[in-house]
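Labels below follow one simple rule: chain letters A, B, ... track the order of the sequence lines, proteins then strands, and each chain is numbered from 1.
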Amino acid sequence: MGVAFRDILGDYKEPVSWESLAGTAALDAHNAIYQFLSIIRQPDGTPLMDQEGRVTSHLSGILFRSASFIEKGIRTVWVFDGTPPDLKQETIRERRTVREQASEKWQEALARGDKEAAYKHARSSSRIDDEVLRTSRELLDLLGLPCIQAPSEGEAQAAYLVQRGDCRYVVSQDYDTLLFGAPFLARNLTVSGKRKIRGRSISVLPERIMLPAVLKGLSITREDLIKVAILVGTDFNSGIRGVGAKTALRIVQNGGFEQAIMEKSPDTDWETIADFFLHPPVNENYLLEWKNPDREGILTMLCDRFDFSPDRIQRALDGMNVKTGQKTLDSWF
DNA sequence: CGTTGCGA
DNA sequence: TCGCAACGG
């Protein structure tokens, strides 16, 4: 979701400093891991793999990004998806089809030696399987970072953590958490966010989106924002053809939502979808505990089992601890 | 994506 | 020291 939806959010994206993001953050694990699997690849699309051919792109991404977050004083909670709602079945089927077709196109591109196309299709063929999930959690556990299992959508759980005050903000590239009520969404939390300005390369600041500012600025309620999303399409419905975010916003602001649905998409059970965004299943009984990284455990897992270079891993581990002066991360807060 | 190595 | 290409697994 969100490709069209973001057209009305442009004015509410604020650049923020890394310092202002110190504290606890609920990380959309699916979103982050997908990004790692999708992007960390060779030019021909081959992901990082150990000697046995097991994919390791996600482990590389999790380790180095976590090291960077820890150095910046950002304590992450990794929120994993549970069982998707029935409402999402069609989207899931569509994604599987796209993935399978991308996989075929990847092989075809490889066969004809078109690396650029190979890389592009390989990215779209990315899939988070059980093995990726298991090894991700294993590494996060060794890093001492808490993982929460959502009963349903991870974005909903992440939004809940912030609403409840256990985290300051959600980290995700997707905007869905806003619909689930996250008051503070942070995007572009990448180390390598670099841009050239006047010949100089400066690091691009992360950006934040504050839900109250969005709602106030657009003069709508959260329920209205959800209606806008439903008109353009969500994970739970395909939206109305030809209606983008700006048109959808105007329709909702003018009170024309129900009529538009009735006329253009009468089969959309919008009330059920809206109710899911407003009252999603969440786990309310979680325990958040941060521990020191298990240095030996991480080295054993990544180097002995997955063929990472001990040198690189040690350097990353040094970066996580040295700055804290042997204190536990917890003692910062 | 994030790190590292290399040429200027 | 910087900027970019290549590597990592």
_Rounded distance (Å) that lies between atom C1' of dT3(B) and atom CG of Leu59(A)_ = 16 Å
_Separation of dC1(B) P from Arg187(A) CZ (nearest whole Å)_ = 12 Å
*Answer yes if the side chains of Thr272(A) and Trp270(A) hold a donor-acceptor pair under 3.5 Å, and no otherwise.*
no
*Choosing from dC1(B), dT3(B), dG9(C), which nucleotide comes nearest the side chain of Phe64(A)?*
dT3(B)
*Using atom CD1 of Ile40(A) as one end and atom P of dG8(C) as the other, report the distance to the nearest whole Å.*
14 Å
*asked:* Looking only at the aromatic ring of each residue, does the gap between the centers of Tyr119(A) and Trp106(A) stay below 6.0 angstrom?
replied: no
_Within 45° cone and under 6.0 Å: Arg208(A) NZ/CZ vs Tyr169(A) ring_ = no
*Across the strands shown, which category fits Gln42(A) at heavy-atom distances under 4.0 angstrom: base, sugar-phosphate, nothing?*
base
*With no hydrogens and no angle check, do the side chains of Thr190(A) and Arg65(A) hold a donor and an acceptor under 3.5 Å apart?*
no
*Could you give the NZ-to-C1' distance, from Lys72(A) to dG2(B), as a whole number of Å?*
11 Å
*Examine Tyr160(A) together with Phe180(A) and report whether their ring centres are nearer than 6.0 Å.*
no
*When all nucleic acid strands are considered with a 4.0 Å heavy-atom cut-off, which category describes Pro43(A): base, sugar-phosphate, or nothing?*
nothing
*Contacts to DNA chain B from residues 128-141 of chain A, heavy-atom cutoff under 4.0 Å, which residues?*
none
*Scan Ser309(A) against the nucleic acid and name what it touches under 4.0 Å (heavy atoms): base, sugar-phosphate only, or nothing.*
sugar-phosphate
*asked:* Between Arg6(A) and Asp174(A), does any side-chain N to carboxylate O distance fall below 4.0 Å?
replied: no
*Have a look at Arg65(A) and say if it touches a base, only the backbone sugar-phosphate, or nothing, with a 4.0 Å heavy-atom cut-off.*
sugar-phosphate
*Do any side-chain nitrogens or oxygens of Arg41(A) fall under 4.0 Å of OP1 or OP2 in dC1(B)?*
no
_Distance in angstrom units between Tyr119(A) OH and dA6(C) C1', rounded_ = 13 Å
